[in-house]
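What follows is a single structure, written as structure tokens, with notes after it.
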Amino acid sequence: MARITAAAFTSHVPAIGAAMDLGKTQEAYWQPVFAGYEASRQWLREQKPDVVFLVYNDHANAFSLDLIPTFAIGTAADYPIADEGWGPRPVPPVKGHPELAAHIAQSVIQEDFDLTIVNRMPVDHGLTVPLSLMCGERPADDFRWPFAVIPFAVNVVQYPVPSGRRCFELGKAIRRAIESFDEDLNVQIWGTGGMSHQLQGPRAGLINREWDNAFLDRLIADPAGLAAMPHIDYVREAGSEGIELVMWLIARGAMADIAGGPAPRVKHRFYHVPASNTAVGHLILED
Amino acid sequence: MARITAAAFTSHVPAIGAAMDLGKTQEAYWQPVFAGYEASRQWLREQKPDVVFLVYNDHANAFSLDLIPTFAIGTAADYPIADEGWGPRPVPPVKGHPELAAHIAQSVIQEDFDLTIVNRMPVDHGLTVPLSLMCGERPADDFRWPFAVIPFAVNVVQYPVPSGRRCFELGKAIRRAIESFDEDLNVQIWGTGGMSHQLQGPRAGLINREWDNAFLDRLIADPAGLAAMPHIDYVREAGSEGIELVMWLIARGAMADIAGGPAPRVKHRFYHVPASNTAVGHLILED
Amino acid sequence: MPLHKPYKDIPGTTIFDAEQSRLGYWLNQFCMSLMSAENRARFKADERAYLDEWAMTEDQKQAVIARDLNRCLALGGNIYFLAKIGATDGKSFQQMAGSMTGLSEEQYRQMMLAGGRPAEGNRSLADWENRKKETL
Amino acid sequence: MPLHKPYKDIPGTTIFDAEQSRLGYWLNQFCMSLMSAENRARFKADERAYLDEWAMTEDQKQAVIARDLNRCLALGGNIYFLAKIGATDGKSFQQMAGSMTGLSEEQYRQMMLAGGRPAEGNRSLADWENRKKETL
Ligand SMILES: [Fe+3]
Ligand SMILES: [Fe+3]
């Protein structure tokens, strides 16, 4: 039986990917960011997940205004790396897990989540930066990610985006789906995006350290309460792009305690300002 | 304030479109089918809706296997006619209602329906055949449809399709959304597809007159009960493509009685076998 | 626990679920390409060459060339996609559906005119098993 | 009753809702086209000619040519789409974001290093109104 063993949460700032791709990780500006992920890389090597269910948002790369799915699940065997305008990142292509992905899609659609199923989709920094942060640079002689990935894209670009509560409920359904899959798989679920940041308008550069840390506290100890927070609070307190944090509630909703199990263990917690325009937040919870 | 004044239900058999396009409507085979819609055409001319919210399914024309939305709402200003393999039907292009469509999308997404918003989409016989049946041939000197259309595409091609109950609940939410739109609009909602038919395999040609008529009876008098019917009953009793009938529950769920108002008036009811492989069912309910 | 698939009990019917969809991905995408007149012409000019442009299995290509729609279904095809092959051949949906039933075109047309295939005796695998026994 | 838009109260911020999306459809689709190296080269070779291929308003074209991102936002642009213009120019996301704030690139970078723009005083239109009054 497949089981969710841990959840990881992390910002997915594009500049972090660029810093890795351009060999700047030891520069004074970037060194503290990457230091915050050293323990995580070690942890991930030990955990050896078979599959990561990776919740992120596309940033106008796979989806234009022609078609905007609220929730899109990737059921493909592989996903190319998007050219976001700077050329594609020099990272390995992403291998999917079609069987588990299709199983999850089938299960949660039957639980009234109206997913869009996607079989062709380039993946952007929202998905590849978390992989880079957590896995480190991929060596030329083993240029692949060490596990399969199920991309799960959430619309947080055009309003209205799904509510925190909807995301949290979806997480619960995803847990049930994964746990009903026959094959013995070690599955992690990652929530990405955030923390506070605003990339647009005269208010760009907004950072709210206090609010971000309260968000992390509540994500650990009061996720159901946190899921009730309305969108306007995210935007007002954490910047227009801070809304990405609703996606973390999908991963959190998929953990054991929400299904009546024991509370998760906090394996790692990290917070840093700034990375480009953004506050970096990171959390690992083990089930 | 926009208001839903009526719901119409009809099969959307492609051969019916072909019969109209090829001038065969007076042939003995087709004459009874079109006779069943004469009263409807008169009724529609009198009703003069501003907008028809048209629930249908795409038949592998707008959506390939690359991307399969469970529910897709069209918010575009216009929609071209699909070339389904025989060349596009010679019918007018479809004008949308972007403002109302976007309003509905925004409203129901906030009510936890995970729609996909679509701004570029060719429309196939699922949408154009009901328009042709209800409006009649369009004269060369007024080659346009007499109202705006909001296309609402439901996945009934790849399993799992949404449940009857989900469709019915969505209809309720669509009603609330339409009634909260500021402009004074006469809106109809149409449910299309069905009735019993199976297009594939050694069992192709299945028709179930008794079941179809019981479906019509319950759609009128017991829609909530009907919405509880599981998919397997549709497939077993009404053929593999009979599953399209779940879409009728969206339109039915949007009617006044479901929101606590009076029961609808049955303006017209028609049933005929066969049109090509399919039983033709048709119903007009006025609020 | 694998997903519950009650529809496996319907005789003579292939439900297009995620499993079939995976199997038939390229077969169906090939069919989708026949939505343009240009591709239809290219396909008709040299079926084999056109099919070889797609990552389909040899079985799938053979089933398409043979216009064996039942085989196409078994190999992951979906009827709405497959219909585009029939459209390219100038066939109606009734001709396509009939071709899968073992009836002649005229027999199928007559069956439909007479009210179609009844649900009675066609609801379950057991129904078809029983019929086979009676026929023996 | 029109939809409730509480986010209209956030200062210096344009929330990309359905209304903005309609306004900016072609502007954003133009931006999306810059995802291919070939299109980026064509755009750089003759911006005006490239823009004229799109059903954008003259205002939108002018705002793009001027690289006035705030104006682009007002005309329906979304920042993730607009970022592709910056990418084409070889700009980082920080340079783009900074360009909308009225600060110099260096001032913006320093503000971020010092912990970013505080939420305090930037939560509502009233906050900004009050600040303006104090400055007078
Ligand atoms: Fe992001
Ligand atoms: Fe249909």
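Fair warning: this is a prediction, and the values are worked out from it, not measured in the lab. We name chains A, B, ... by the order of the sequence lines, and we start the count at 1 in each one.
Distance CZ/Phe16(D) to OG/Ser240(A): 12.5 Å, rounded to 0.5 Å. To the nearest 0.5 angstrom, Arg22(D) atom CZ is 12.0 Å from Leu65(A) atom CG.
Looking at Asn277(A), both its backbone and its side chain come within 4.5 Å of chain D, counting heavy atoms on both sides. Only the backbone of Pro118(D) comes within contact range of chain A, with heavy atoms under 4.5 Å apart. Met112(D) touches chain A through backbone and side chain together, each having a heavy atom under 4.5 Å away. For Ser196(A), no part lies near chain D; criterion is any non-hydrogen pair under 4.5 Å. For Met32(D), the part sitting under 4.5 Å from any heavy atom of chain A is the side chain, from C-beta outward, and nothing else.
Taking Glu241(A), His197(A), His231(A) one by one and counting their heavy-atom pairs under 4.5 Å with chain D, the maximum is reached by Glu241(A). Between chain A and the residues Glu19(D), Glu120(D), Arg109(D), the largest count of heavy-atom pairs under 4.5 Å involves Arg109(D). Annotation: maximal heavy-atom pairing with chain A below 4.5 Å, among Ser21(D), Ser92(D), Gly116(D), Ala37(D), occurs at Ser21(D). When Val161(A), Ile207(A), Ile68(A) are compared by the number of non-hydrogen pairs under 4.5 Å with chain D, Ile207(A) comes out ahead. Chain D forms the most heavy-atom pairs under 4.5 Å with one residue out of Thr278(A), Val157(A), Val235(A), and that residue is Val157(A). Annotation: maximal heavy-atom pairing with chain A below 4.5 Å, among Ala114(D), Gly115(D), Ser124(D), occurs at Gly115(D). Note on Leu34(D), Leu113(D), Ile85(D), Leu69(D): by heavy-atom pairs under 4.5 Å with chain A, the leading option is Leu113(D). Interface check for chain D: of the options Asp66(A), Val273(A), Val13(A), the most heavy-atom pairs under 4.5 Å are formed by Asp66(A). The greatest number of non-hydrogen atom pairs below 4.5 Å with chain D, out of Ile232(A), Asn208(A), Leu199(A), is found for Leu199(A).
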Exercise for the section: Determine, step by step, whether Lys84(D) and Asn61(A) satisfy the side-chain contact (heavy atoms from CB on, under 4.5 Å) criterion, reporting the C-alpha distance in whole Å, the side-chain angles of both residues, the deciding distance to 0.1 Å, and the verdict. Expected result: CA-CA 10 Å; Lys84(D) 297 177 198 325; Asn61(A) 291 302; 2.7 Å; yes

Practice task
Decide yes or no on side-chain contact (heavy atoms from CB on, under 4.5 Å) for Trp128(D) and Arg203(A), but give the supporting numbers first.
Solution key: CA-CA 10 Å; Trp128(D) 280 26; Arg203(A) 192 177 178 246; 4.2 Å; yes

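Counting heavy atoms from C-beta outward, Pro202(A) and Asn70(D) have side chains that approach closer than 4.5 Å. The shortest distance between side-chain heavy atoms of Arg123(D) and Glu237(A) falls below 4.5 Å.
In this view, Phe63(A) satisfies the ring-ring contact (aromatic ring centres under 6.0 Å, His included) rule with no residue, not counting sequence neighbours. Partners of Arg131(D) by side chain to side chain donor-acceptor pair (under 3.5 Å), not counting sequence neighbours, listed by chain and number: Asn122(D). Judged as a salt bridge (charged side-chain N to carboxylate O under 4.0 Å, His left out), and not counting sequence neighbours, Lys91(D) has no contacts.
At a cut-off of 3.5 Å, with distance as the only test, no side-chain donor of Gln200(A) or Thr13(D) sits close to an acceptor on the other residue.
The environment of CD in Glu105(D) is sparse: at most 12 heavy-atom neighbours from other residues, nucleotides or ligands sit within 6.0 Å. Within 6.0 Å of the CD atom in Gln62(D), the count of heavy atoms belonging to other residues, nucleotides or ligands exceeds 12. Within a 6.0 Å sphere centred on CD of Glu38(D), heavy atoms belonging to other residues, nucleotides or ligands number 12 at most. Heavy-atom contacts from other residues, nucleotides or ligands closer than 6.0 Å to CZ of Arg67(D) number more than 12.
A cation-pi arrangement is absent between Arg236(A) and Tyr7(D), since the terminal nitrogen or guanidinium carbon is not both under 6.0 Å from the aromatic centre and inside a 45° cone about the axis.
Looking at Asp83(A) and Arg40(D), a side-chain N of the basic residue comes within less than 4.0 Å of a carboxylate O on the acidic one, giving a salt bridge.
Against chain A, the residues from residues 93-103 of chain D that qualify, each with a non-hydrogen atom under 4.5 angstrom away, are Phe93(D), Gln94(D), Met96(D), Ala97(D), Met100(D), Thr101(D) in number order.
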